[in-house]
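Right, one structure below, let's go through it.
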Amino acid sequence: MRLVDLRISRAQPELAEAVGNIGFDAWQNSPFGHDDAGRTDRQKLRAEFVTFCRDKPQTILVASGHGTILGWGAREDMDHVISDLWVAPAAQRQGVGVALLEALEEVIAKQGFAFAELETYAGHAGAVRFYLRQGYEPVWRGMKFSASLNYELDKIRFRKPLREAA
């Protein structure tokens, strides 16, 4: 199912808490959160999501529908790397992730980059399938330290060639 009234826009600083909470909720309901086994201080992690959204709104695109924030994606360093893609649990499998990914890819292509890259937790089978369906190919897999979680994760880096945006 695809949402009809889906809008992608730049993040607004005054919505940082709502946007950050969606990222945290998506993390908590994903294999990231389930496999965490209590190692992460969840309140601190929620605060980190909100702080990121407050401090770097220029890096974030937000998906909303019917006045509700449904998800967001970011390019933390404003380069070809998609650092974040989070969809509210209730909005998953409705086209929100695809719309955000396509919007991020368009911005990356318009800046002249030939490809987009992103990483995900290798244990998140749904995310791995999603990126493969969207044309991403794995280019690396290994253990990588997460400063937010304070431990290493098995990660997969994906790459997708981009066509130049019109």
Side-chain angles (χ1 to χ4, degrees), residues 1-33 36 40-113 115-121 124 126-127 130-131 134-136 144 146-150 153 155 157-160 162-166:
M1 180 173 133
R2 192 171 260 260
L3 290 170
V4 177
D5 178 38
L6 186 62
R7 181 174 173 254
I8 307 292
S9 59
R10 293 260 171 226
Q12 300 302 313
E14 63 271 15
L15 299 176
E17 187 167 354
V19 173
N21 283 333
I22 286 184
F24 176 78
D25 291 345
W27 173 85
Q28 186 167 251
N29 286 292
S30 75
F32 278 115
D36 180 68
T40 301
D41 177 339
R42 289 174 184 250
Q43 287 308 97
K44 181 180 174 197
L45 183 61
R46 180 185 296 274
E48 286 183 31
F49 271 101
V50 172
T51 298
F52 176 80
C53 294
R54 183 178 308 112
D55 292 350
K56 296 199 172 206
Q58 72 279 7
T59 71
I60 300 171
L61 294 179
V62 175
S64 57
H66 302 289
T68 302
I69 299 170
L70 303 170
W72 58 278
R75 296 181 312 126
E76 184 171 2
D77 295 322
M78 299 300 284
D79 57 10
H80 68 287
V81 178
I82 298 168
S83 59
D84 293 88
L85 187 65
W86 303 103
V87 176
Q92 292 178 1
R93 294 175 179 73
Q94 297 180 42
V96 176
V98 171
L100 281 166
L101 195 57
E102 288 173 353
L104 289 162
E105 290 168 357
E106 183 177 339
V107 172
I108 292 168
K110 282 183 179 177
Q111 288 185 328
F113 293 103
F115 57 88
E117 285 190 334
L118 52 84
E119 291 181 359
T120 194
Y121 173 50
H124 193 330
F130 172 75
Y131 294 126
Q134 301 312 310
Y136 283 80
K144 188 170 181 182
S146 167
S148 294
L149 301 176
N150 199 32
L153 291 170
K155 303 280 278 197
R157 181 178 305 128
F158 289 93
R159 179 179 290 165
K160 178 181 179 179
L162 301 174
R163 287 187 227 112
E164 190 173 325

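Side-chain atoms are counted along with the backbone in the values below, which use heavy atoms only and exclude waters and symmetry mates.
Aromatic ring orientation, Tyr136 versus Tyr131: perpendicular (interplanar angle above 60°, classes split at 30° and 60°).
Taking every heavy atom of both residues into account, Gly97 and Phe130 meet most closely at C-CZ, 3.6 Å. Minimum heavy-atom separation, Pro57 to Ala11: O-CB, 3.6 Å. Heavy atoms only, all atoms of each residue included: Cys53 and Val19 are closest at SG-CG1, 3.6 Å. For Ile8 against Leu61, the heavy-atom pair with the smallest separation is CG2-CB, 4.1 Å. In this structure, Ser148 and Leu45 approach most closely via the heavy-atom pair CB-CD1, 3.9 Å. Nearest heavy-atom pair across Ala116 and Ile82 is CB-CD1, 4.4 Å.
Rounding to the nearest 0.5 Å places CD of Gln111 at 11.5 Å from CG of Leu162. Leu118 contributes atom CG, which lies 9.5 Å from atom NZ of Lys155 (distance to the nearest 0.5 angstrom). Note that CD of Gln58 is 10.5 Å distant from CZ of Arg75, once rounded to the nearest 0.5 Å. To the nearest 0.5 Å, atom CD1 of residue Ile22 and atom CH2 of residue Trp72 are 10.0 Å apart. Here Asp84 contributes atom CG and Thr59 contributes atom OG1; the two are 7.5 Å apart, rounded to the nearest 0.5 Å. A distance of 13.0 Å separates CH2 in Trp86 from CG in Leu100, rounded to the nearest 0.5 Å.
The 12-atom threshold is exceeded at CD of Glu117, counting heavy atoms of other residues, nucleotides or ligands nearer than 6.0 Å. Within a 6.0 Å sphere centred on CZ of Arg42, heavy atoms belonging to other residues, nucleotides or ligands number more than 12.
Each of His80, Lys110, Lys160 was compared with Glu105 under the side chain to side chain donor-acceptor pair (under 3.5 Å) criterion, and only Lys160 meets it.
Proximity of Arg7 to Val62: side-chain heavy atoms (C-beta onward) are nowhere separated by under 4.5 Å. In this structure, Asn21 and Val50 have side chains that are in contact, with non-hydrogen atoms separated by less than 4.5 Å.
A centroid separation of 6.0 Å or more is found between the aromatic rings of Trp27 and Phe49.
Checking side-chain atoms of Gln92 against main-chain N and O of Val87 turns up a donor-acceptor pair under 3.5 Å.
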